[in-house]
Enquirer: 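Take this structure, written in structure tokens, and hold onto it; I'll ask about it next.
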Protein chains: 2
Amino acid sequence: MTTVPALGIAEVAERTGLTTHTLRYYERDGLLLGEVDRDAGGRRRYTDRDLEWIAMVTRLRATGMPIRDVRRYAALVRSGAGSEAERLQLLRAHRARVQAELDATAAHLAAIDHKIGLYEGTV
Amino acid sequence: MTTVPALGIAEVAERTGLTTHTLRYYERDGLLLGEVDRDAGGRRRYTDRDLEWIAMVTRLRATGMPIRDVRRYAALVRSGAGSEAERLQLLRAHRARVQAELDATAAHLAAIDHKIGLYEGTV
DNA sequence: AGTTGACTTCGAGTGCGCTCGAAGGAGTTC
DNA sequence: GAACTCCTTCGAGCGCACTCGAAGTCAACT
């Protein structure tokens with residue numbers, strides 16, 4: 001079995017594309033699965049589970065989920081077994097919003113493309 | 001007496017989905033094609049051209065173009081003939097950003113769908 | 001022992017895009 | 001002519017999501 005070297009905040013920042021400031025902010029704000037472990041010197045050590053979770057948070061944020069909803073989802077996961085139905089409901093609702101937004105954006109893009117076509121005709 | 005074919009701010013708000021506050025804010029901020037005409041009482045009267053432009057602004061905003069870029073585009077249109085190449089460049093750059101964002105969102109959505117599938121298996 | 005550099009906490013500041021409220025004016029309705 | 005409605009300007013305020021800076025701690029290296 002391979003040993004799992006816990007990462008420091010700087011490495012996690014580099015891997016996730018978040019800043020160290022943002023990582024601390026997310027933790028403070030309850031977006032993570034509890035407080036991150038510390039080493040003897042009081043510095044954060046992120047586990048694989050932390051990294052996977054942060055990746056999920058990043059996806060949710062990148063698709064426009066508000067911080068407060070991510071916090072709510074994190075709380076459900078933290079609460080353990082029994083909250084799966086509610087988590088599913090939350091993700092499905094988000095999925096529907098994202099899909100709608102995607103469709104709307106595609107439609108707007110088509111209109112913008114049309115406009116671009118007009119300009120291409122004039123220059 | 002005199003029939004006014006142009007619309008008041010409330011009707012424009014209703015048609016565009018913007019608030020009257022936002023319509024005034026856009027005008028103040030230079031996002032429109034100049035100052036909107038006024039009637040004898042000093043109230044705004046929007047022309048068809050205004051309406052079409054506001055629809056364009058709405059599309060640009062809905063696809064994430066920052067206010068300052070919309071302002072810049074508006075300034076180019078206001079400057080008249082000769083700025084078409086620059087307008088085209090601006091729209092193409094925007095188009096590329098939107099497309100990239102669209103692709104990224106679709107990829108994130110697929111990952112979220114996968115997660116939803118996992119939950120559907122547990123409940 | 002001293003210096004370096006990555007980390008810590010805390011709270012304040014920033015940028016964006018509205019959003020709102022106060023105070024007042026003009027035109028229609030009774 | 002009083003009430004009512006819709007509009008006007010101006011500037012302040014808000015919600016979101018970071019973003020930053022100050023001041024201090026700690027381990028490692030020279």
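Sequence lines set the chain letters: A, B, ... in the order given, protein chains first and strands last, and positions in each chain run from 1. The model shown is predicted, which means the values in this text are computed figures rather than measured ones.
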Enquirer: Below 3.5 Å is the cut-off: list the nitrogen or oxygen pairs between protein and nucleotides 12-16 of chain C, distance only.
Expert:
from	atom 1	to	atom 2	distance (Å)
C:dC16	OP1	B:Arg68	NH2	2.5

Enquirer: Could you list the donor-acceptor pairs under 3.5 angstrom formed by side chains in residues 87-95 of chain A, with sequence neighbours left out?
Expert:
from	atom 1	to	atom 2	distance (Å)
A:Arg87	NE	A:Ser83	OG	2.9
A:Arg87	NH1	B:Tyr119	OH	3.0
A:Arg87	NH2	A:Gly80	O	2.9
A:Arg87	NH2	A:Ser83	OG	3.0
A:Arg92	NE	B:Glu120	OE2	3.4
A:Arg92	NH2	B:Glu120	OE2	2.6
A:His94	NE2	A:Thr63	OG1	2.8
A:Arg95	NH1	B:Asp113	OD1	2.9
A:Arg95	NH1	B:Asp113	OD2	2.7

Enquirer: Output the rounded distance in Å from CD (B:Glu27) to P (C:dG17).
Expert: 19 Å
Enquirer: Under the ring-ring contact (aromatic ring centres under 6.0 Å, His included) rule, collect the residues that match up with B:Tyr73, sequence neighbours excluded.
Expert: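 With sequence neighbours excluded, B:Tyr73 shows a ring-ring contact (aromatic ring centres under 6.0 Å, His included) to B:Trp53, given in chain and number order.
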Enquirer: Could you give the angle between the helix axes at the two ends of the helix from C:dA1-D:dT30 to C:dC30-D:dG1, with five pairs per end, rounded to 10 degrees?
Expert: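 Here the helix ends are tilted 10° relative to one another.
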Enquirer: Round to a whole Å and report the spacing from CZ of A:Arg45 to C1' of D:dA27.
Expert: 11 Å
Enquirer: Which residues satisfy the salt bridge (Lys or Arg N to Asp or Glu O under 4.0 Å) test with A:Arg71, sequence neighbours excluded?
Expert: A:Asp29
Enquirer: Working to the nearest 0.5 angstrom, can you tell me the gap between A:Tyr26 OH and A:Ile67 CD1?
Expert: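 CD1 of A:Ile67 is found 4.5 Å from OH of A:Tyr26.
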Enquirer: D:dT19, C:dC7, D:dT8: which one has an atom nearest the side-chain heavy atoms of A:Thr22?
Expert: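 The answer is D:dT19, which lies nearest to the side chain.
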Enquirer: I'd like a table of atom pairs between the protein and nucleotides 21-28 of chain C - only N or O on both sides, under 3.5 Å - with the distance next to each one.
Expert:
none

Enquirer: Could you work out, with side-chain hydrogen bond (donor to acceptor under 3.5 Å, both in side chains) as the rule, every residue matching A:Thr20, not counting sequence neighbours?
Expert: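 Applying side-chain hydrogen bond (donor to acceptor under 3.5 Å, both in side chains) to A:Thr20 gives none.
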Enquirer: For atom CZ of B:Arg38, is the number of surrounding heavy atoms from other residues, nucleotides or ligands below 6.0 Å larger than 12?
Expert: yes
Enquirer: OP1 or OP2 of C:dT9 versus the side-chain N and O atoms of A:Arg38: is any pair under 4.0 Å?
Expert: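 Answer yes for this pair, as a side-chain N or O of A:Arg38 is under 4.0 Å from OP1 or OP2.
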Enquirer: Roughly how many Å is it from CD in A:Glu14 to P in C:dC7, rounded to a whole number?
Expert: 11 Å
Enquirer: Can you tell me how far P of C:dT8 sits from CG of A:Asp37, to the nearest Å?
Expert: 13 Å
Enquirer: Which atoms form the tightest heavy-atom contact between A:Ala74 and A:Leu31, and what is the distance?
Expert: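 Where A:Ala74 meets A:Leu31 most closely, the heavy atoms are CB-O, 3.6 Å.
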Enquirer: In whole angstrom, give the distance that lies between atom CG of B:Asp29 and atom P of D:dT9.
Expert: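 Roughly 15 Å, once rounded to whole Å.
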Enquirer: Verify the neighbour count for atom CZ of A:Arg15: are there more than 12 heavy atoms of other residues, nucleotides or ligands below 6.0 Å?
Expert: no
Enquirer: Show which residues join A:Val98 in its hydrophobic cluster (side-chain heavy-atom contacts under 4.5 Å, direct or indirect), or state none.
Expert: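 Reading the cluster by chain and number, A:Val98 sits alongside A:Leu102, A:Leu109, B:Val98, B:Leu102, B:Leu109.
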Enquirer: For A:Glu52, give me all partners under side-chain hydrogen bond (donor to acceptor under 3.5 Å, both in side chains), at least two apart in sequence or on another chain.
Expert: none
Enquirer: Taking only side-chain nitrogens and oxygens of A:Tyr26, does any of them come within less than 4.0 Å of OP1 or OP2 of D:dC18?
Expert: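 Yes.
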Enquirer: Would you say that more than 12 heavy atoms from the other residues, nucleotides or ligands in this model lie under 6.0 Å from the CD of A:Glu14, or not?
Expert: no
Enquirer: Do you know which two heavy atoms are closest between B:Val12 and B:Ile54, and how far apart they sit?
Expert: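 Minimum heavy-atom separation between B:Val12 and B:Ile54: CG1-CD1, 4.1 Å.
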Enquirer: Rounded to the nearest angstrom, tell me the gap between atom OH in A:Tyr46 and atom C1' in C:dC7.
Expert: 11 Å
Enquirer: Taking side chain to side chain contact (heavy atoms under 4.5 Å, CB included) as the definition, give me every residue that meets it alongside A:Asp39, ordered by chain and number, with sequence neighbours left out.
Expert: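 Residues passing side chain to side chain contact (heavy atoms under 4.5 Å, CB included) with A:Asp39: A:Arg43, A:Arg45.
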Enquirer: When the nearest nucleotide of DNA chain D is assigned to B:Gly42 and to A:Met65 on a heavy-atom basis, which residue is associated with the more 5' position?
Expert: B:Gly42
Enquirer: Measure from CG on B:Leu23 to C1' on C:dG17 and round the result to the nearest Å.
Expert: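 Rounded to whole Å, this separation is 14 Å.
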Enquirer: Can you pull the salt bridge (Lys or Arg N to Asp or Glu O under 4.0 Å) pairs that have at least one residue in residues 57-68 of chain A, sequence neighbours excluded?
Expert: none
Enquirer: Do any of residues 89-108 of chain B sit with a heavy atom less than 4.0 Å from DNA chain C, and if so which?
Expert: none
Enquirer: For A:Ile54 and D:dC18, give me the distance from atom CD1 to atom P, rounded to whole Å.
Expert: 13 Å
Enquirer: How is B:Arg44 classified with respect to the nucleic acid when contacts are heavy atoms under 4.0 Å: base, sugar-phosphate, or nothing?
Expert: sugar-phosphate
